Protein chains: 2
Amino acid sequence: MNTHHLCLGILSLGEASGYEIKKAFEETFCHFQATSFGSIYPALAKLTEQGLVSFREETQEKRPTKKVFTITPAGHEHFYQTLLKSEPAEQYRSDFLFLMMFAHLLPQEHIKTLLNKQTENLEMELGILERILTECQTLTPGMRFTLEYGVTGNKALLKLMQQRSLQLLNEIDAARSPQES
Amino acid sequence: MNTHHLCLGILSLGEASGYEIKKAFEETFCHFQATSFGSIYPALAKLTEQGLVSFREETQEKRPTKKVFTITPAGHEHFYQTLLKSEPAEQYRSDFLFLMMFAHLLPQEHIKTLLNKQTENLEMELGILERILTECQTLTPGMRFTLEYGVTGNKALLKLMQQRSLQLLNEIDAARSPQES
DNA sequence: CCGACATATATTGACCCGATATACACTAAA
DNA sequence: TTTAGTGTATATCGGGTCAATATATGTCGG
């Protein structure tokens, strides 16, 4: 599942420019997919070449000219085949957990700051997801599910952060003091 | 936080070859960090060049010759400075949620298969994490925390999958039938 | 009037990852 | 017995990704 497929997916929901595809990722998909202009524009060029999308140039007043992309029937079919053969994979990368792995090397105060920042990050993302869930009434069942999935994960992790943070600090302190005394 | 820093991190726990660094990621770090030979070997070469690690060649009987890398004092200091200035970030990519976003395009049976596979994946990872937690008695507080973090997230998501899967299938079915009748 | 922000397309360079190549040893099935 | 598979070990390649940057224009607030 790469940027080509992600673009086809967005375009299967309606025509859009490269800029609008990026925005769609930032708004609706950001908690489980991301991409950048450096991937989107080359992908759209190649998809056009392959006949999976087409575009028209839309000259706007007081705005740069837009290339509006539309998915073709061949593109729809190709996207459907991609969906059918894709495995439900997930990947998770956390600099936060990597830092916690080496918490014993860091000053107590710094660990506290990291734990607080992480908690804030989780709270912020939870807030965004919940706002979309309550504000948008026209979500498809699938979209609603992805948001609830994110909410559930974040809520559980937040609870852990609130319950475990102090304990972790104490444990690290306890493991440190024998050497120092 | 890139492969250079990840290698320094592993080496700060003890000397290792490139192959062993990869194994460390697969065994202990896999639920929140991953990397590949294509990143590790160039990283080790550059770290050597910069004087942050050094290596000796270890000829083994009946095994290929090993390059055993050791972190230098400069490497320790560099790693410490990296830890201090790193932000606690996270990123999550899910082909599974992307597929669910377009579940309305897929046959009911296929959605069921995807939901089952995802549940199995979560169960498997949960099993691995819990096994490490119970079997390894010498874990540092930080390591224990990262494992519990993973366990908590996976448990919450598994519960959601068990509670919500059928409901999702019904909702998609309900949204589909008006057009078909 | 100026700086910040938004719209819009596009490229670059550094980096990352999966696949592949090479090479040897061990083991278990055919 | 041989051959396929697995494990140890190093290394590279190509395609893909990402953050930063360039360019151009318009809006809005201070």
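Since the model is a prediction, treat every value here as computed from it, not as a measurement. Note on naming: letters A, B, ... go to the chains in the order of the sequence lines (proteins, then strands), and numbering restarts at 1 for each one.
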Exercise for review: Pull out every residue in residues 9-32 of chain B that has a heavy atom closer than 4.0 Å to any atom of DNA chain D, ordered by number, or say none.
Suggested key: B/Ser17, B/Gly18, B/Tyr19

Exercise for review: For B/His104 and B/Arg176, work out which heavy atoms get closest and say how close.
Suggested key: O-NH1, 3.2 Å

Salt bridge (Lys or Arg N to Asp or Glu O under 4.0 Å) partners of [X], counting only residues at least two apart:
| X | result |
| --- | --- |
| A/Lys23 | none |
| B/Glu26 | B/Lys22 |
| B/Glu109 | B/Lys112 |

Study note, to complete from the structure: Students should find that the end-to-end axis angle of the helix from C/dC1-D/dG30 to C/dA30-D/dT1, with five pairs defining each axis and rounding to 10 degrees, is 30°

**Study point:** For B/Tyr19, the rest of its hydrophobic cluster, which grows through side-chain links under 4.5 angstrom
**Key:** B/Phe37, B/Tyr41

Practice item. Supply the members, apart from B/Met124, of the Ile/Leu/Val/Met/Phe/Trp/Tyr cluster built from side-chain contacts under 4.5 Å; use none for a lone residue. Key: none

When the side chains of residues 151-159 of chain A are checked against the rest of the protein, which donor-acceptor pairs come out under 3.5 Å, sequence neighbours left out?
residue, atom, partner, partner atom, Å
A/Thr152, OG1, A/Glu148, O, 2.8
A/Asn154, ND2, A/Leu122, O, 3.3

Revision key, fill the gap. Each nucleotide of nucleotides 14-20 of chain D classed B (base within 4.0 Å of a protein heavy atom), S (only sugar-phosphate) or -, in 5' to 3' order, makes ---SBB-

Distance-only donor-acceptor pairs under 3.5 Å for side chains of residues 67-74 of chain A, two or more places apart:
residue, atom, partner, partner atom, Å
A/Thr72, OG1, A/Gly51, O, 2.8
A/Thr72, OG1, A/Leu52, O, 3.0
A/Thr72, OG1, A/Gly75, N, 3.1

Revision key, fill the gap. Between CD1 of B/Ile40 and P of D/dA11 the distance, given in whole Å, is 12 Å

Study note, to complete from the structure: Quick note, side chain to side chain donor-acceptor pair (under 3.5 Å) partners involving residues 120-131 of chain A, not counting sequence neighbours, are none

Show me, pair by pair, the donor-acceptor contacts under 3.5 angstrom made by side chains of residues 77-84 of chain B, not counting sequence neighbours?
residue, atom, partner, partner atom, Å
B/Glu77, OE2, B/Gln81, NE2, 2.8
B/Thr82, OG1, B/His78, O, 2.8

